[in-house]
Amino acid sequence: MSEMYNPKAIEPKWQQIWDDTKAFAAKNDYSLPKYYALVEFPYPSGQGLHVGHPRPYTALDIVARKRRLQGYNVLYPMGWDAFGLPTENYAIKNHIHPKIVTKNNVARFKGQLKSLGYSFDWDREINTTDPNYFHWTQWIFLQLFKKGLAYKTEMPVNWCPSCKVGLANEEVVGGCCERCGTEVVRRMRSQWMLKITAYADRLIDDLDTVDYVERVKVSQKNWIGRSNGAEVDFAIAGTEDKLRVYTTRPDTLFGATYMVMSPEHPYIEKYADRIKNMDEILAYREEAAKKSDFERTELAKDKTGVAIDGLRAVNPVTGAEIPIWVSDYVLMSYGTGAIMAVPAHDERDWEFAKKFGLPIVEVVAGGRDVQEECFPDVETGVLVNSGFLNGLSVEEAKKAIIAWLEEKGLGTPKRNFKLRDWVFSRQRYWGEPIPIVFCDKCGAVPLSEEDLPLLLPEVESYMPTETGESPLAAMTDWVNTTCPCCGGPAKRETDTMPQWAGSSWYFLRYTDPTNENALASMEALKYWMPVDWYNGGMEHTTLHLLYSRFWHKFLFDEGAVPCPEPYAKRTSHGMILGENGEKMSKSRGNVINPDDIVNEFGADTLRTYEMFIGAFELAASWSQEGVRGCRRFLERVWKLQDMVVPGDAYSLETKMHQTIKKVSSDFETLKYNTAIAAMMTLVNDYYREGKLTQADFKSLLIMLNPVAPHITEELWEVCGFGGYLHNAKWPEYDEAKTIENTVEIAVQINGKTRAAVTIAKDADKETAIAAGREALSGRLTGTIVKEIYVPGRIVNIVMKP
RNA sequence: GCGGGAGUGGCGGAACGGCAGACGCAGUGGACUCAAAAUCCACCGGUGGUGACAUCGUGAGGGUUCAAAUCCCUUCUCCCGCACCA
């Protein structure tokens, strides 16, 4: 009789063995077939691991372990994205250096991850706050700077008054700070920017070359927001000047009955002397500036504006003089900051025209009365009231008008993006110093690469300041330096990089984590890259995922990496919700601590449960009873050891081949829940049989190993199957053996099941129909119209009464 | 408003156009036990029937098909992004 299943004993035992034998270290033998599985490295917060973390980590641990069993050289690494605000805030509050806070948190996280039995290659552990690591983060910044892709400019930033830090557009959610929820205000500041917009086209186009889940691709495309249209010049009446607009509907040019400029448009200053109602316009501009982005969005539907008195434009095709308005529904940050308004065919223009009584002229026929309803459709309409465009479809008209505009020198085709450049400065201590000095003579000068890494100075206080200056600014010893260019006095940049910097290239470092001469050797990169499978949260789709693709493309252009895309495949997991279906949070009191689950049930149970909980990509609610059920399943597996009989043939051959097939494919397609269900069914079958052979047990243990690695290794050892299970070979299945010789198929009358018969799997139609008729004897009371037989599936007899 | 996703038992969830509800949880009955827990076995969508069985059933309404949770049209609800992007 076997001992009791005791995860508290066997789990630490195997974790120790895996550590001691370096069981999961990726080999630097570049002749082996490789597999690079990656999960997003965590921010080591003070709270420790959340039950959300094990879901993606276990999923890719399953993939990594399965690949090793299939003979691949697997890289499944882990590290720490450790720069960041919470650590700094904790340090300020408790007067502990952020370095120490980070060290403690990392130790805690690492202990927790080890207790879950992940097959990470801990020899390749990295930490973004390690100078040997951020050396290369700074190096990448210097390359961006040298190529003109990092630049400093005075611009309005999204300022969080609570965090006292500027935020990237991607970090502002609904007008509020992504982190603390405080409403963001706009502030002018000199900021470092990264020119991600230079890569906008490639960031969209290359999505066609990678295997990402559709929703990620769609989000990225929408965020980048590419649109194709034209820029058109409108003459300003009585001047030589032009007002340039961007439009995606140049075909509607004949219907442009007025124009609108953003309140910040420079022409307001330029033509101050001609504008008669300047006071009114400046007052409007002030009002608009006062509105936060949030308010501006809230009030979106209620259009406001002021007509400029004294400035009119000329429609280049109709020659008509049309008024120019100022309204905050036109943004200075997109296109040219001015639009031509075609109220008949644009929702917003229509609303504005209705409110202010501006003329609405139909130029695309096909909708209802444009005085009553706007007609924005581009599919079905036909051009009218448009001179030489009349009778054309929208698509044809676009081509025709653009050609005409180009010929006359009045316009050009133009493509625009919603994507803005990346605000890259943070006024904080706990981040990578930006390796730039400012010299009165030479301007912004990069440090020489030999002077990297530029370390953070030791400071007394990490407090951010009300003025928005970085705490580093107070460190005059550190700030005052000499110019690397002329040797004269110079000051260091005191802003630091955002948290997204370190995570934008970390996957490269894992391939060669201790390299001192480069971010990684080309040889290692050529072998390991791209990442074969990367899983992470949807919340990073427009942040980390986009940023890292941008950096990677830049590095590819620089010849520093061998491939244009970093990740061949990207999947995303759903959130784990509390037992009540709500997001887990301290205030809701529904937080589950993974340590408690490991203590009470064991790591294997937690892993099994999180994979069984539901469809991997969807959110799922925690259920303590469900956890118990998974523990029960593992207990049943444990007790199978007493039912094993000698034998190297499968006792339930068909069933086993079916299960191997299902588990093998389900592990590849994120269907961990049905893979586990299939193994549960198999175990239930062995209980029904009362026995199973060694061959049965071996294959079952190997298949279950990626999910529940400790119990399976232990059983492998206890049963004396030889060596370590993690060195075993993934079982093969034979397609022919997944099909029973006889099958039970349903017999239907008019599509309704009335009986079932067991026939040979390859029975011909006549045999099957005959068997079906026999099973239905007595019910076949009408006229048979048709008989259908789908081998292995169904017999259907169609009958009229 | 736009985009994405989801609506199936008491619950979490399964179902290449082919017997809806696999698997798990909860529940019911039985075995074991002095008893309970644990474990093992069986049952477990609604309605009617002792029963074989009949009948209804995948958010709602139509349609295609021998056959629809699955495909097509219409419609409702919920969740998640984005949001005056010209």
Side-chain angles (χ1 to χ4, degrees), chain A residues 4 173-175 213-219 221-223 225-227 229 245-250 252 260 262 293 296-303 327-331 333-342 345-349 351-352 376 416-420 538-539 541-542 574-575 581 608-609 612-615 617-630 632-633 635-636 639 662 671 673-684 687-688 744-756 785-799:
Chain A
M4 294 269 290
V173 177
V213 283
E214 194 55 26
R215 54 185 180 147
V216 170
K217 284 194 186 186
V218 169
S219 296
K221 279 182 194 163
N222 289 346
W223 186 260
R226 179 161 69 190
S227 76
V245 302
Y246 173 71
T247 177
T248 54
R249 293 294 303 279
T252 61
V260 187
S262 152
D293 281 349
R296 231 162 134 156
T297 312
E298 277 299 283
L299 303 169
K301 295 303 156 212
D302 190 25
K303 300 268 182 299
S327 174
D328 65 3
Y329 84 88
V330 174
L331 310 174
S333 55
Y334 185 80
T336 62
I339 61 158
M340 65 178 212
V342 185
H345 306 289
D346 181 277
E347 265 331 315
R348 296 151 303 188
D349 297 345
E351 275 171 37
F352 192 85
N416 259 327
F417 299 92
K418 290 188 207 173
L419 186 70
R420 301 273 78 94
M538 274 309 284
E539 71 274 19
T541 301
T542 53
M575 243 196 300
T608 307
Y609 175 65
F612 189 61
I613 190 168
E617 301 205 65
L618 300 180
S621 307
W622 189 265
S623 154
Q624 202 73 0
E625 289 308 318
V627 176
R628 224 174 283 282
C630 288
R632 213 169 292 166
F633 165 61
E635 296 269 5
R636 281 164 72 80
K639 281 189 254 168
K662 176 142 189 73
K671 296 172 83 173
N673 52 339
T674 52
I676 292 168
M679 290 188 276
M680 286 173 168
T681 308
L682 186 63
V683 169
N684 290 345
Y687 268 72
R688 217 162 283 131
E744 193 189 60
I745 65 170
V747 184
Q748 302 181 326
I749 298 174
N750 295 339
K752 295 200 174 192
T753 304
R754 287 293 179 259
V785 183
K786 197 172 177 183
E787 290 167 323
I788 291 152
Y789 169 52
V790 182
R793 295 274 172 208
I794 211 150
V795 167
N796 188 12
I797 295 177
V798 185
M799 197 168 67

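Throughout, a chain's letter reflects where its sequence line sits, starting with A, and its residues are numbered from 1. Please read these numbers as outputs of a predicted model, since none were measured by experiment.
- A sub-4.0 Å separation between OP1 or OP2 of A26(B) and a side-chain N or O of Arg632(A) is present.
- You'll find that the side chain of Glu625(A) is closest to A26(B), out of C19(B), A26(B), A86(B).
- Pairing of U58(B), defined by two Watson-Crick or G-U wobble distances under 3.5 Å, is not identified with any nucleotide.
- Checking Asn684(A) against Ile613(A), the closest nucleotide of RNA chain B that is more toward the 5' end is the one next to Ile613(A).
- The residue Ser623(A) sits apart from the nucleic acid: no heavy atom pair falls under 4.0 Å.
- Here A20(B) is the nucleotide among A20(B), C66(B), C41(B) with the atom lying nearest to any side-chain atom of Thr753(A).
- Across all strands shown, C66(B) forms a Watson-Crick or G-U wobble pair, both distances under 3.5 Å, with G18(B).
- With a cut-off of 3.5 Å on both Watson-Crick or G-U wobble distances, the partner of U28(B) is given as A42(B).
- Distance NZ (Lys752(A)) to C1' (G57(B)): 11 Å, rounded to an integer number of Å.
- Smallest separation of non-hydrogen atoms from Ser219(A) and Met538(A): OG-CE, 4.2 Å.
- If you check every strand for non-hydrogen atoms under 4.0 Å, Ala678(A) touches nothing.
- Within the 4.0 angstrom heavy-atom criterion, no nucleotide atom of any strand lies near Arg628(A).
- Remark: Arg249(A) is not in phosphate contact with A86(B), judged by side-chain N or O atoms under 4.0 Å from OP1 or OP2.
- Pair assignment for G12(B): C23(B), on the basis of Watson-Crick or G-U wobble contacts that are both within less than 3.5 Å.
- At least one side-chain nitrogen or oxygen of Arg754(A) sits closer than 4.0 Å to the OP1 or OP2 atom of U55(B).
- Taking every side-chain heavy atom of Ala677(A) into account, A22(B) is the closest of C19(B), A22(B), A26(B).
- Checking Ala755(A) against Thr674(A), the closest nucleotide of RNA chain B that is more toward the 5' end is the one next to Thr674(A).
- For Thr248(A), the side-chain atoms get nearest to A86(B) when compared with the rest of C66(B), C84(B), A86(B).
- The listed nucleotides are A67(B), C23(B), A86(B); the one nearest the side chain of Asn796(A) is A67(B).
- The side chain of Tyr687(A) lies closest to C40(B), out of C19(B), C40(B), C23(B).
- Using a 4.0 Å heavy-atom criterion, one finds that Glu744(A) contacts the bases of the nucleic acid, with or without backbone contacts as well.
- In a base pair of the Watson-Crick type (N1 to N3 plus N6-O4 or O6-N4) or a G-U wobble (N1-O2 and O6-N3), with each distance short of 3.5 Å, G1(B) is matched with C82(B).
- Looking at the side chain of Asn673(A), the nearest of the listed nucleotides A14(B), A86(B), G18(B) is A14(B).
- A cation-pi geometry, defined here as NZ or CZ lying under 6.0 Å from the six-membered ring centre and within 45° of its normal, holds between Lys303(A) and Tyr329(A).
- Residues Met799(A) and Ile749(A) approach most closely at CE-CG2, 3.7 Å, considering heavy atoms.
- For the pair Asn796(A) and Gly751(A), the tightest heavy-atom approach, listed with the atom from each and the gap, is OD1-N, 2.9 Å.
- Applying the 4.0 Å criterion to OP1 and OP2 of G81(B), one finds that Thr541(A) has every side-chain N and O outside that range.
- Among C84(B), G4(B), G5(B), the nucleotide with an atom closest to any side-chain atom of Tyr329(A) is C84(B).
- In this structure, Val218(A) reaches the sugar-phosphate backbone alone: every heavy-atom distance under 4.0 Å involves primed, P, OP1 or OP2 atoms, never a base.
- Among the heavy atoms of the strands, none lies under 4.0 Å from Ser621(A).
- Side-chain atoms of Lys418(A) stay outside donor-acceptor range of the base of C82(B), with no qualifying N/O pair under 3.5 Å.
- A6(B) and U77(B) make up a base pair, with Watson-Crick or G-U wobble contacts both under 3.5 Å.
- Of all the heavy atoms in Asp349(A) and Ala341(A), the pair that sits closest is OD2-CA, 3.3 Å.
- Distance, Lys786(A) NZ to A67(B) C1': 10 Å, rounded to whole Å.
- Looking at heavy-atom distances under 4.0 Å, Gly626(A) makes no contact with the nucleic acid at all.
- Contact annotation: Asn222(A) side-chain N/O to A83(B) OP1/OP2 distance is not under 4.0 Å.
- Counting non-hydrogen atoms under 4.0 angstrom, Lys221(A) reaches nothing in the nucleic acid.
- A syn orientation is assigned to G9(B), its glycosidic angle lying within 90° of 0.
- For the pair Glu617(A) CD and A6(B) C1', the computed distance is 13 Å after rounding to whole Å.
- Atoms CG and CZ, from Asn416(A) and Arg226(A) in turn, are 12.0 Å apart once rounded to the nearest 0.5 Å.
- Between Tyr334(A) and Tyr246(A), the ring planes lie perpendicular to each other; the angle is over 60°, past the 30° to 60° tilted range.
- The side chain of Lys303(A) sits closest to C84(B) out of C84(B), C66(B), A86(B).
- Of all heavy-atom pairs between Arg420(A) and Ser333(A), the closest is NH1-O, 2.9 Å.
- Within the 4.0 angstrom heavy-atom criterion, no nucleotide atom of any strand lies near Lys662(A).
- Counting any heavy atom pair closer than 4.0 Å across all strands shown, Asp349(A) reaches no nucleic acid atom.
- The nucleotide whose nearest atom lies closest to any side-chain atom of Trp223(A) is, among A86(B), A83(B), C41(B), A83(B).
- Across the protein-nucleic acid pair, Met799(A) atom CE and C66(B) atom P stand 16 Å apart, rounded to whole Å.
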